[in-house]
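Okay, structure first, notes after.
Keep in mind that this is a model prediction, so the values were computed, not measured. Each ligand, and each atom within it, is numbered from 1 in the order the structure gives.
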Amino acid sequence: MKELNVGLVGYKFMGKAHSNAYARLGMFFDCNAKVNMRAICGRDENWVKQSAEKFGWEGYETSWEKLVSREDIDIIDITAPSNTHKEIAIAAADNGKHVFCEKPLALNLSDAREMLDVAIKNKIKHQIGFNYRFAPAIQLAKKLIDAGKLGTIRHVRASYLQDFITDPEFPLVWRLQKDICGSGSLGDLGAHFIDLSRFLVGEFKSVMGMQKTFIKSRPIVERMEGLSAQANADAPRGIVDVDDGSVFISEFENGALGVFEATRFSAGHKNDLSIEISGDRGSIKYVFERMNELQYFSADDAEGEQGFRLIQASEGVHPYMQAWWPVGHVIGYEHTFVHEMYEFINSVTDDKPTSPDFSDGVECSRIIEAVELSSQRRHEVEIASL
Ligand code: SOE
């Protein structure tokens, strides 16, 4: 059997999620290659060594330059903060490695375009980490929409609400610094519903947005783990230069209208991603915190029996579920990463296109940039103008 060797950059939240995905893959899915977790890479030798042992990597590197040039590596996976993506992805692609990159693809649209060009030039497989596409209930929504069950799509409503930075004393983590993350709530959270909307409904035509930074300075961060962070008691403050909250409306190429909201200031909402799509024959509603369920209304149901039905997308008939547990034994957040890796590995072994790939990353960056421009100029921005 063919073997594929992976090198992963990053060992924090996303590094752990991707490591778990590679470790689970061969146990649950039949891929056409054995996936070897060759090396994990990070700057802090103590941390990266511990992570390698804990997550099941054969070895580690402290230099990504070394990792991407290793002869024994076929795939480079990038989970380090966004300001590292471009340089690592381009070097990896120039070395002929296939590249998986976390979202957002880059700090801005022009960098994202450059990454796509280099990937195409080198004829490598490239995928971006829009993991929510891989929830079985979202795949079911896609199937219903593609089969015309909602009729003509008229409305899209999506929000991604978190509350981990509501405290003004929460430290200045990298997700709040433009030179490291590129964009705040919009690029980190909105990127997911922008991608889901493109996946389910189609391309955006224009947007009109408004963004706000509620807390303009925060104590400099000392330690960070996942979404938790600490600062020293007497820490100096630094400037927050990204959006804390973003809202926008849009028109889609197919004529549908969209309403969107991304924020980390919605007290009580922990990881509340939801999307609702309405057509003239039906609607779907999806809420990530109940990720195994899809609500579906069909105007084709008999009169007097109509209403939203709750579908448990956890039977073997639903995408990816055959690989997991007996019917009704639900799956979670981490499984979406296993599914995306399954598709990526298949695209490499079977030499077929990946999806979502860097071109989807570019489109997402285009919409993010259009919302930012619109928010600054206070008027509608056509996506085609960028
Ligand atoms: C933090 O806001 C975060 O971890 C995002 O970076 C992820 O993309 C999202 O899925 C969960 O929240």
Side-chain angles (χ1 to χ4, degrees), residues 8-21 77-85 100-107 112 127-135 137-138 158-167 170-178 180-199 211 213-215 218 221 224-229 240 242-246 260-275 286-291 331-341 356 360-361 364-365 367-368:
L8 175 76
V9 186
Y11 49 80
K12 296 257 174 108
F13 178 15
M14 279 304 115
K16 200 174 199 175
H18 288 215
S19 298
N20 176 65
D77 184 335
I78 308 165
T79 65
S82 319
N83 62 335
T84 66
H85 292 183
F100 191 104
C101 186
E102 256 306 324
K103 47 58 62 176
L105 191 56
L107 293 180
Q127 190 165 324
I128 179 165
F130 288 128
N131 59 304
Y132 294 113
R133 280 195 189 197
F134 298 92
I138 289 289
S159 55
Y160 200 152
L161 317 175
Q162 295 184 340
D163 69 353
F164 74 101
I165 62 169
T166 43
D167 178 356
F170 183 88
L172 187 67
V173 294
W174 69 264
R175 283 186 166 82
L176 302 174
Q177 299 172 54
K178 195 173 172 59
I180 310 183
C181 64
S183 160
S185 59
L186 185 63
D188 188 33
L189 302 179
H192 284 298
F193 59 56
I194 289 171
D195 181 66
L196 287 180
S197 302
R198 292 187 57 248
F199 180 54
Q211 299 186 284
T213 306
F214 301 114
I215 306 294
R218 289 176 179 274
V221 66
M224 185 176 180
E225 185 61 48
L227 295 185
S228 311
V240 178
V242 294
D243 52 293
D244 284 332
S246 291
F260 302 91
E261 182 184 13
T263 181
R264 293 126 160 191
F265 274 78
S266 203
H269 295 266
K270 302 302 171 190
N271 196 40
D272 190 357
L273 165 64
S274 68
I275 183 161
Y286 175 78
V287 176
F288 174 70
E289 287 176 345
R290 304 186 68 106
M291 65 164 281
I331 60 167
Y333 176 63
E334 69 275 27
H335 295 78
T336 60
F337 294 89
V338 185
H339 302 164
E340 65 180 3
M341 292 320 166
D360 295 288
C364 184
S365 295
I367 293 150
I368 289 170

Determine the sole option in Leu189, Asp272, Leu161, Thr166 for which the side-chain contact (heavy atoms from CB on, under 4.5 Å) test with Thr263 is passed.
Leu161
Given Tyr160 and Tyr132, is the side chain to side chain donor-acceptor pair (under 3.5 Å) satisfied, shown in steps?
CA-CA 12 Å; Tyr160 200 152; Tyr132 294 113; 2.8 Å; yes
Could you tell me whether ligand 1 has any atom less than 4.0 Å away from a heavy atom of Arg175?
yes
For Leu273, which part has a heavy atom under 4.0 Å from ligand 1: side chain, backbone, both, or neither?
neither
Under 4.0 Å between a Lys/Arg side-chain N and an Asp/Glu carboxylate O for Lys270 and Asp163?
yes
A student checking ligand 1 against Leu227 at a 4.0 Å heavy-atom cut-off should list atoms 1 (C)
Please confirm whether the backbone N or O of Glu340 pairs with a side-chain atom of Gln127, one donor and one acceptor, at under 3.5 Å?
yes
Step by step, would you call Tyr333 with Phe337 a ring pair (Phe, Tyr, Trp, His ring centres under 6.0 Å)?
CA-CA 8 Å; Tyr333 176 63; Phe337 294 89; 5.1 Å; yes
Starting from atom 12 (O) of ligand 1, find the nearest protein heavy-atom neighbour and note its residue, name and distance.
Gln162 NE2, 2.9 Å
Note the single closest protein heavy atom to atom 5 (C) of ligand 1, along with its residue, its atom name and the distance in Å.
Asp188 OD1, 3.2 Å
Report the C-alpha separation of His85 and Leu105 in whole Å, then their side-chain angles, then the decisive distance to 0.1 Å, and conclude whether the side chain to side chain contact (heavy atoms under 4.5 Å, CB included) test is met.
CA-CA 7 Å; His85 292 183; Leu105 191 56; 5.7 Å; no
In terms of residue, atom name and distance, what is the protein heavy atom nearest to atom 9 (C) of ligand 1?
Tyr160 OH, 3.2 Å
Per-residue contact class, Leu189 against ligand 1 - non-hydrogen pairs under 4.0 Å
side chain
Within 4.0 Å of some non-hydrogen atom of Phe13, the atoms of ligand 1 are 4 (O)
Starting from atom 10 (O) of ligand 1, locate the nearest protein heavy atom and write down its residue, its atom name and how far away it is, to 0.1 Å.
Tyr132 OH, 2.7 Å
Atoms of ligand 1 close to His192 [distance to a heavy atom under 4.0 angstrom, numbered from 1]:
7 (C), 8 (O), 9 (C), 10 (O)
Can you list the atoms of ligand 1 that are under 4.0 Å from a heavy atom of Lys103?
5 (C), 6 (O), 7 (C), 8 (O)
Classify the side-chain pair Glu289/Asn271 by whether it contains a donor and acceptor separated by less than 3.5 Å.
no
Under 6.0 Å from the NZ atom of Lys12, do we count more than 12 heavy atoms belonging to anything else shown?
yes
Is the contact between Phe130 and ligand 1 made by the side chain, the backbone, both, or neither, using heavy atoms and a 4.0 Å cut-off?
neither
